[in-house]
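Below is one structure, written out as C-alpha cells, with a few remarks after it.
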Amino acid sequence: MAETLLEVKNLVTSFRTGEGSLQAVRDVSFHVDKGETLCIVGESGCGKSITSLSVMRLLPSNGSIENGEILLNGESLQKLSPEKMRRIRGNKMSMIFQEPMTALNPVLTIGYQLREPLLLHHKLSKKEASIQSIELLRQVGIPNPDKRLNQYPHELSGGMRQRVMIAMALACHPSLLIADEPTTALDVTIQAQILDLIKDLKDKLDMGVLMITHDMGVVAEVADRVMVMYAGKKIEEGPVREIFENPQHPYTIGLLNSVPNVDDPEFELEPIPGNMPGLNDEISGCRFHPRCKFAMDKCKTDVPPEFRAGKGHYASCWLADKEAETVDNNPRKITLKV
Amino acid sequence: MTTAETLELKPKKREKYYVTTLKRLFKNKLAVIGLVIVILQILIAIFAPFITIHDPIRQNLANSEMPVFSEGHWLGTDNYGRDVWSRIVYGARISLVVGSVAVTLGLVGGIILGMLAGYYRKLDAIIMRFVDLLFSFPGILLAMLIIAILGTSLVNVAIAISIWSIPTCARIVRGSVLSIKEKEYIMAMRSMGASDLRIMVRHILPNVSAPIIVFATMRMATAILSTAALSYLGLGAQPPTPEWGAMISQGQDFMWSSPHLTIVPGIAIMLTVFAFNVLGDGLRDALDPNMDLQQ
Amino acid sequence: ESTIPEGTESGGSSSSSEAGDQGIIYASTTDAVGLSPTMTNDSVSSSVMSQIYENLFERNPETMEIEPKLAESYENPDELTWVIKLKEGIEFQDGTPFNAEAVKYTFEKLIDPATAAPRASLLEPIDTVTAVDETTVEIKTKYPYGPLLAALSHSNAAIISPTADEAQDLMQNPVGTGPFKFESWSQGDQVVLVKNEDYWDGAPTLDKVTYKVVPEVSTAISMLQTGEVNFIDALPSEQLSRVESLENIEVTKKDGTPVYYLTFNHSQERNENPDFRKAVASAINRDAFVEKLNGLGVRSNSVLGPQVFGYDESADEAGTAYDPEAAKQLVEENGFGDEPIKLLAANRDNFILMAEIVQAQLTEAGFNVEIETMEWATFLDTARAGEYDLTFLSWSNVTSDGSEMLYPNFHSDNVGASNRAQYSNPEFDKLVEASRTTVDQDERKKYLDQANQLMLDEDAVVVMYHGVVTAATDKSIKGLELDPNGQWFLQNVTRE
Amino acid sequence: MISLIIRRALQLLFLLVGISFLVFSSMYIAPGDPAAVIGGPTATESDITAIRDNLGLNDPFLTQYARYVGNAVQGDFGYSYQTSQPVADAIMIRFPNTLKLAIASMIVAVILGVITGLVSALKQNSLLDVSATTFALAGISIPNFWLGALLILVFSVNLQWLPVGGMSNPFYTIDGIKELILPAITLGTGSAAMIARMTRSSMLEVIRADYVRTARAKGVKEKNVIWIHTLKNAMIPIITVIGLNFGLLLGGTIITEKVFAINGVGRLMIDAIAARDFPMVQGSVLLVATLFVLVNLIVDIVYTYIDPRIKYE
Amino acid sequence: MTTIQEKSPLKSDILLELNSVKKYFPIKGGLLKRVTGNVKAVESVSLKLYKGESLGVVGESGCGKSTLGRTILGLEELTDGKIYFNEQEIQDLKRKEKKKFVKEMQMIFQDPYASLNPRQRVGHALDEVFKMHTDMSLKERRDSVEDLLKEVGLKPEHYDRYPHEFSGGQRQRIGIARAIALNPQFIICDEAVSALDVSVQAQILKLLKTLQEKYNLSYLFISHDLGVVRYFCDRVLVMYLGNTVEMSTVSEIFNKPLHPYTQALLSAIPRPTVNAKKERVRLVGDMPNPANPPSGCAFHTRCPIAQEICKVDRPAFIEHEKDHFAACHFAG
Ligand SMILES: Nc1ncnc2c1ncn2[C@@H]1O[C@H](COP(=O)(O)OP(=O)(O)OP(=O)(O)O)[C@@H](O)[C@H]1O
Ligand SMILES: Nc1ncnc2c1ncn2[C@@H]1O[C@H](COP(=O)(O)OP(=O)(O)OP(=O)(O)O)[C@@H](O)[C@H]1O
Ligand SMILES: [Mg+2]
Ligand SMILES: [Mg+2]
C-alpha cells in the first residue's frame, strides 16, 4: 500500500456571485499517493481548477471552502495560519497553471521569478539560488539556461515558458505537484515534450502528481489513476486501465465515445446530447440525468452514492448499483477497441 | 439524427443586456446615489417653474444680499436681490443643456473620427495626428481660443467644450474599434460580403457603446465643470443668465459679506459633477463583463 | 531680463517686515505694459511712470488749477505760440541735464509717425517745437489750441531723457526727472523703484516702492490684510465694506474725474428717435444704482463731472430724470419693446454691474434687452465699429479738462475711432472746437458747459455716475496724495 | 531609445507647426484688434493705423504666418505687441514659476493619488475604500477656482498659516515651500483624484492576474506579492494617467495662477489672449505643447524601464 | 453512412484550386515606419479541392492555416499566386463581381463566443445575411431563418435571443446556420470545433457531416487536432511555417506519412487508449519565426533526419505516390 500524500474529503467549494452562492465543487473526495499520478478529467467548467485551487488555498477572493477536509501528509491544511500555508506552497506542494502566456510576471526576469521560491523556502543566498536556477532550467531542457535568467517572459515561446513554470514549481522539490491543464494551450509536439518532462521528473523526484486535463489522450498517457468530474461532482474514479476498458458511468462512456480515435478509421463518434449544465442550474438526483440515455426514474430524484466497480474503481451511478436488479440491455456493454 | 437530439436543460434566463447592466448598477450604492442626484437634477430642471416662486433674473435692489433662510428666500438673495434658489434651479437647466449639447457634439465628432481611424488603417495616421494636435493643447486654452473666435456665449462654450472632447472620444472609440475589428464576428460579416458602412454602423458601433456611454457620462461631469470654469472667467454665460460658474464669479466679490453667494453654487456644481462621475464609474463597472465573477 | 540688476533680492514676500522702515508695496491687478511715456497708454504703466517722470505742467489736485512743474512759467505771444520757460538746474536720473532740447526731443518723438506712439494724437495740434535757448521752449500749434497746457500735463507727455532714450529701451529701463528711480522689473511679477537721492525738489522719504501684480482683487485684499502688500487702490464697491472693516487699513476716498455712462449707438436709426432715447433715460433709476456703489460713485447727470474743467452745477439736474411711468408709456406708445436691444458690456470694471441693473430696469419699462458681454479687446473693436445698440463707456479724464473728454468721445471727427458713441452733431462739434481753439480759459469753460448741456438735452448719453477714486493703505502710511483722476504721488509719503 | 527620441522630435516638429498654424489662424480670425488694445480707448484712427503698420498687421495672413515661422525657425519668437519685449524672454521669466507649480501639484497629486488608490484597492469594499473612493470622486468634482478661493479664506486669511499668494522665494526655502502649498493643493486635487481612481482599478485588475496567483502559489509573502508582483505591473496605466494629467495641470495653471497671484505662463497666456498679443499667445502655447510632448516622452521612457515588453526600436 | 472507401478523392470536378499562393504581412519598423521585412504567413501553398470532399489542413500554431483560409475568401489581400473557384480566377475580382462568389464560399470560425455580434439577436444576424444577398420579403426571410435554425438543431423560438443566452455549442450551430444560409458550395471551417468541449465537439462534427451529405458541401477543414481530422476529412494537407509539406488521403497520411514532420506530428498525439504507447519521434525546439524562416527546407532546424542539403535546397512539393505529395528530400 503506497503512502497517501494528499487526501481530500468531502470538499465543497462555493462562490459568492451576483446571482447568489454557487457551488462549483460538490462534495468531492479523492487522494493522491506518493509517486503516483492522479488525473482529474472533465469538461470545461466542471470544477477541476477550483478543486485544485481549493487544495492550494488560492481560491479567487469570492470563493471559499464550505466544507471538507484537506490533508497533506496527514496534516490538515485548513487549520493552518495563512503564514504557515504560505510556507507550504511552493515548497511541499506547488502548482503549474494552464496559461503559460499569463502565468509568469511580465515585468520580472525569469531569474528573479525562479530564485524566489529558493530564497523563500530554502533560504539560499542569491548566488546559490542563481546557480540552482540554472540547474533547474537545464533539467527542464532549456538551452543556454544561464542566458535565460536575465530574459523576460515575453522573450520566450509558450513551450519555454511552460518549462520555466515547471522549473519554478519543482525548485523546492515539492512532494505534491498540481498541474492544471499544463499543455492545453500548447501545440501537440510541444505538449508531448512537456508531458514527457513531467513524467520523467515525477519518477526522478518521486512526487505525487495531481494532473488536471480534459483530454482523454493525455489521461491515457500520464495517469495512474483517473477521477472523472461532471458539473462539480466526482462521478467515477479508478485505475486508468479500468476507466478506459471498463468505464461504468454513462458520462465516462460518452466522453470516450466523443473523442475521435486517430488510429481507428472506422471509429464512429457518439456524442453526448445536450450541453453542460450551468453552475446555478438546479438539477435533482443525478446531475447527469438530463443528458443520460439510460436515465431511470430513480436518477431523477435520488443522488447516486459511490458504488464499487472493481479494485479502486468507484462510480456514482445507479446503473453501477450491483445490488439492484439488473437492467435489461445493460448499457455498459459497449465495445471499445483497445 | 443527431441534430435533433440537442435537448435543452432549462431555458437560460432571458435577460436584456441593459436589464443586467442596470441590475449590476443598482448593486453599487455610490452609483445609485449618483443616479438619484442626476435624476433629481433633471426633474428640477424640467419643473423649474413649479419649484420656485421667484423669477431668477428679477432684481430687487432693496432686498439684496439677504442671508440664507431669509423669509421668502431660503437660500438668500444676491447683490441684485435675486433669489439664489431660483437661480440655482434654473442654473441646473443651463448646466444640463450645455453639458449635453457639448457632449453630444463631441461624441458625434469623436465617434466619426475614431471609427474612421480605427477601421481604415490608411486614415489612421492622418486622423490621429490631428487628434494629437488637439490633444496637446491644454483644454481650457483650446476653449478660450475658440471662444475668442466665436465670441462669448453659452452656445460657443458648448461648441468649445465639444471640440475639446473630440480627441479623447476619438481615442477611446479608435481603441475599441481596433480591438473589435479583430473579433471574429466582424471577420464573419466581411466574409458574408457586408459593406464597410454596414459593418461600422451595425456591428461595430453597438459594441463600442459601453465605453462611449461611460465616456459620455464622465464627460458630462467635465463639461459641466468646464462650462462653470469658462463662465467664471467671464467667457460663458451672459448676465443675467443664472449660470453656476458665473454665480461663483460674481459671488466671490461678496465672499466676506455673503459667503453663501459662492458656497451655494459651488456646492451645486460639486454635487452635480460628483453625481455624474460616480454614475460613470458605476456604469463602467456595470458594463464590464468581467465584473460578473466578482462580488 | 537684463533690467534686473544682479544681486538685489528680487523677491520680497516677507516684505511686510522688509518694507517696514521706509518702503511700500502696492498691488495692482495687471502688470505695467512698459515704462516709456511715449509708448504706453494704460493706467498701471502711468501709475509707475508718474513716480519716475515729470511733466512741464501739472494740475493741482486741490485747486484743479494747472501749475508749472518742470516749467517755470509760460506766455502766449499769440494764439498759436506758447513760450515756456523751464526750471533750471534739474537733471535726469542718468545725469543728463533737463533742458529745452530734452523737451523738444520728447515732444517730437511722441508726434513722429515713425514712433507709432499710441497717444500721438495728444499733441497732434502742435506744429513745431523749438529750443530757443537752454531753458526756453517755443511751441507753435497748427491752430489755436486751448487745452494745450492740459495736454502737456498728461502723463504721456512726460519728459524723457534723450540720452537714455537713445541708449536704451525706456520701456524696460526708464529714466526721468522724478522723485523715484527705476530699480528692477520682473515682468508680470513686480516693479521696484528706489528713491532718487538727487531729486531737485528734495529726496522723498520712502526708500523703496514695489508694484506687485496681484490679478485677483480679493487676493490682493487678503494680502493687504495679512500685510503682504500695504497699498491698493481702485477698490471695487463690493469689497469696500470688507476693506473698511480691516483694522490695520485706512481707506481714502476722493471724488474723481472718471465718468461712466450709457450711450446710444447714434448711427442707428432707432436711436435717432428722441422719444426712444427719452424712454431709455427715464427708465433708468440712476439713484438706485449709485446706492449700490456704497459711496464709490457720485450722482450727477452731467457728462463733465464736478472734478472736470467745464463743469457747471446746473448740469447736475439737466437732462431727463427717472420716471418709470413715463418710460412705460413711451415704450408702449411707440412699440419700443418689440425689437430686441443688444446691450453691449465689456467684462471688466463695473460694466457688468451697470448692465445687469440697467437691463432689469429697461425690462421693467417694457424694453426687450439682451446683454452681450465681451472681452476688452473685442469690445474696443466692436464698439469702435458701432456694432451695438446700447453700451456702457467710461472715461477717466487724466488731464481733467472737458475738451479732453468731449473731443475724442463725441466729436464727429472721431467717429470710427474713439467716438464709439458714433455721435455726430454739427452744433455740438462747433462748441467743442471752440473750446479747443480758444485760449482764454473762461471762454472755454462756457463753450464746454454749453456742449455738455446740449448733449443732456438730447439725451445723447445717460450718465450713470462719476467715479470716486479710492486707496486703501496700511495705517502706517502717511501723506499719500490722491489725484481726482486716480493717480497718486509718493513723493511726500512716509511710513511710521 | 534614440530612435524613439528622434521620432518624438519629428512628431513634435509636426505638432508645433500644426499648433502654431492653428493658433495663428485663430488669432487672425478672432475679432479684436491688438492695436486697439495698445492704443486704448483714447486712440484715434491714425494712432491705430500707425500701430498696425508698425506691427505688420496689415500684411496678408500668409505673409504674416510665413514671417513668423521663418523667424521662429531661427529661434526668434517675436516681440510682444504690448510690451515689445522678446516673447522668449517674457516666457522664460515666468516659466520657472509655472514649472514649480506644476511639479509641486504633480507631487501632491501622485502622493495623494497613489496612496489613496492603493489603500482602497487593498481594502476593497471596506469602509476605508468607500471613503477613499468618495474622496477621489469629490476631488474631481470640485471646481478648482472655487477650491482656491476657499483655501485662501481658511488657511491664509483666517488661520494665517500660509501666504495668500505670490511666488517669489526659491522653492528650497521654508517660505518658498509655504507659498507652494495652497496652489499645489488647488491644482493637484483633481489629478490626485484621477490618479487614485486609476491606481485602484489598475491594482484590482492586476491583483486578479494569473501571475499574481503564480506568485502566491510559490509561497511569496503577501507583502512582496503586493509590492513586487502587483505594483510594478499596475504602475503602467497609472503612469499613463500621470502623463496625461500633466497636460491637464498645465491647463489648470491658468486659473490657479490667477487666483494665487503667481506670475506664470498660464496667466501670461490668458492676458495675451485677452490683449490679442499674438506672438505671446503663440510662444506660450508652443511652450506648453512642447512640455506636454516632453512629458509624454518621459512617460514612454519610463515605460521601457517598468515594462520590458515595450521596446522602441 | 458514407465511409472513406466509398468516397473517392479522385472526383474529376475540381471546385477550388490554389496555385502557389503567398501571403506576406509587412513588418513596419524604423524611424519612418517603413517596411523592414515580411511575416511570411503563407509561403507557398498549392492545392486542389474537389466537390463534396473535406480537405483537412493541419499544422502547428502559427503555421499559416488561418491566413490561408482568409486569403482564399479574400479577407486578406493576396500577395502572390492564383486562386481558381469553379475554374474561374477570383483573386483579382472587383467588389461587385466578388459578391457572386461570396454566396458560394463561407466560413465558420473558431471562437463561438467571438464570432457572433453580442448585441445582435441571433435571428437578426441570420436575417441580415438574406437581407444583404437576396430580395426576399420580411416574411420569407423570417421563414427562412426559422428553417435554418431548425436545420442546425435549434428552435425557431431562439430567433429573438442574444448570443450570450446560448452555450458554446449552440452558438457554433448559429455560426453554421449563417454559413449555410446562402447555400454555398464551399465552407472553410477554421478550427470550428477546437474551442468546444469534447461532448459538444462530437455533436458539431456530426452536424457538419450531415450537412455535407445533404448539400454536397466541400470543406476546407482547418484543425490542429489530428484525431478530428482523421475522423472528418477525406484528404489532409500538412503545413509547416507557411509551406505545404505533405498532402494525401487520410489513410495514406496516417498510415504511411512520408514527411518527417508529419511523422513527428502523428507520434506526438496523445492517444486515448491505454495500450497504445509507442516510441515517439521527438521534435526538439519550437517553430522558427515566420518573419525569418530558415534557409532551404524550413523544417531542417528541427528535423531528426536533416542533412546538409536540407539547409540549402528547398525540397519541391512533388507527387511521390499517386495522390501523395510531399516536400522532403528524403521522403519515403
Ligand atoms: N471567481 C469565480 N466566481 C464565480 N464562479 C466561478 C469563479 N471561478 C470559477 N467559477 C465557476 O466555477 C466553475 C468551475 O470552474 P473551474 O475553473 O474549476 O472549471 P474547470 O473544470 O477548470 O474548467 P476549464 O477546463 O475550462 O479550466 C465554472 O462554472 C466557473 O464558471
Ligand atoms: N494580420 C497579421 N499581421 C501580421 N502577421 C500576421 C497577421 N495575421 C497572422 N500573422 C502571422 O502569420 C503567421 C500565421 O498565422 P495564422 O493565424 O495563419 O496561423 P495559424 O496556423 O492559424 O495558427 P493558430 O493555430 O494559432 O490559429 C503567424 O506567425 C502570425 O503571427
Ligand atoms: Mg480550469
Ligand atoms: Mg488560426
Side-chain angles (χ1 to χ4, degrees), chain B residues 29-30 33-34 129-130 132-151 164 168 218 221-222 224-226 228-229 232-233 235 244-245 248-249 252 255-256 259 262-263 265-267 269-278 280-281 284-285 290 293-295, chain D residues 11-12 14-15 18-19 22-23 25-32 125 130 133-134 136-138 140-147 149-150 152-153 157 190 193 197 201 204-205 208 244 247-255 258 266 269-270 273-274 276 281 284-285 288-293 296:
Chain B
K29 282 197 202 76
L30 222 49
I33 295 177
R129 283 295 86 76
F130 172 70
D132 285 347
L133 198 106
L134 287 184
F135 205 77
S136 48
F137 272 96
I140 193 126
L141 184 70
L142 189 65
M144 283 169 69
L145 280 179
I146 294 167
I147 290 169
I149 298 173
L150 299 177
W164 158 21
T168 321
M218 302 269 204
T222 322
I224 289 173
L225 207 53
S226 315
Y232 173 82
L233 290 174
L235 301 176
W244 293 342
I248 293 186
S249 154
Q252 223 162 32
M255 197 104 159
W256 307 92
T262 44
I263 291 176
I267 289 174
I269 296 177
M270 221 180 110
L271 263 183
T272 312
V273 174
F274 177 82
F276 277 103
N277 270 321
V278 283
D281 249 10
R284 180 180 34 214
D285 290 348
N290 299 331
L293 298 177
Q294 290 164 33
Q295 292 182 342
Chain D
Q11 193 187 335
L12 178 61
F14 167 86
L15 209 68
I19 286 176
L22 226 68
V23 173
S25 46
S26 55
M27 296 262 61
Y28 186 80
I29 51 179
N125 297 334
V130 174
T133 311
T134 315
L137 287 160
I140 312 180
S141 315
I142 298 186
N144 61 4
F145 47 93
W146 188 58
L147 179 63
L150 289 182
I152 292 181
L153 191 67
V157 176
R197 273 205 315 193
S201 63
L204 287 180
E205 177 145 354
R208 290 203 302 269
L244 289 178
L248 283 180
L249 273 183
L250 288 175
T253 55
I254 290 176
I255 283 177
K258 193 164 178 248
M269 209 145 50
I270 33 173
I273 292 181
R276 299 293 184 268
V281 177
S284 33
V285 173
V288 169
T290 309
L291 214 60
F292 183 76
V293 171
N296 280 299

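Side chains are part of it too, since the values below use all heavy atoms of this structure and drop only hydrogens, waters and symmetry mates. Reminder, nothing fancy here: chain letters follow the sequence lines and each chain counts from 1.
Here B:Asn277 contributes atom CG and D:Thr134 contributes atom OG1; the two are 12.0 Å apart, rounded to the nearest 0.5 Å. Atom CG in B:Leu141 sits 5.0 Å away from atom CD1 in D:Ile254 (nearest 0.5 Å). Interatomic distance, B:Leu233 CG to D:Ile273 CD1, rounded to the nearest 0.5 Å: 10.0 Å. With rounding to the nearest 0.5 angstrom, the CG atom of B:Leu150 is 10.0 Å from the OG atom of D:Ser26. Annotation: the span from B:Ile263 atom CD1 to D:Leu150 atom CG amounts to 6.0 Å, rounded to 0.5 Å. Note that CZ of D:Arg197 and CE of B:Met218 are 4.0 Å apart. Values are rounded to the nearest 0.5 Å.
Top candidate by heavy-atom pairs under 4.5 Å with chain B, chosen from D:Leu291, D:Leu250, D:Ile255, is D:Ile255. Interface check for chain B: of the options D:Gly252, D:Gly266, D:Ala149, D:Ala136, the most heavy-atom pairs under 4.5 Å are formed by D:Ala149. Taking B:Ile248, B:Leu271, B:Ile269 one by one and counting their heavy-atom pairs under 4.5 Å with chain D, the maximum is reached by B:Ile248. Your options are D:Ala138, D:Gly18, D:Ser141, and the one with the most heavy-atom pairs under 4.5 Å with chain B is D:Ser141.
Between D:Trp146 and B:Ile267, some side-chain heavy-atom pair lies under the 4.5 Å cut-off.
Smallest separation of non-hydrogen atoms from D:Leu244 and B:Phe135: CD2-CE2, 3.3 Å. Of all heavy-atom pairs between D:Ile140 and B:Leu225, the closest is O-CD2, 3.5 Å. Residues B:Phe274 and D:Leu137 come closest through the heavy atom pair CE1-CB, 3.6 Å. Contact record, B:Gln252 with D:Phe145: NE2-O, 3.9 Å, taken as the closest heavy-atom pair.
Both the backbone and the side chain of B:Ala229 come within less than 4.5 Å of a heavy atom of chain D. When heavy atoms are compared at a cutoff of 4.5 Å, B:Leu30 approaches chain D solely by way of its side chain, counted from C-beta outward.
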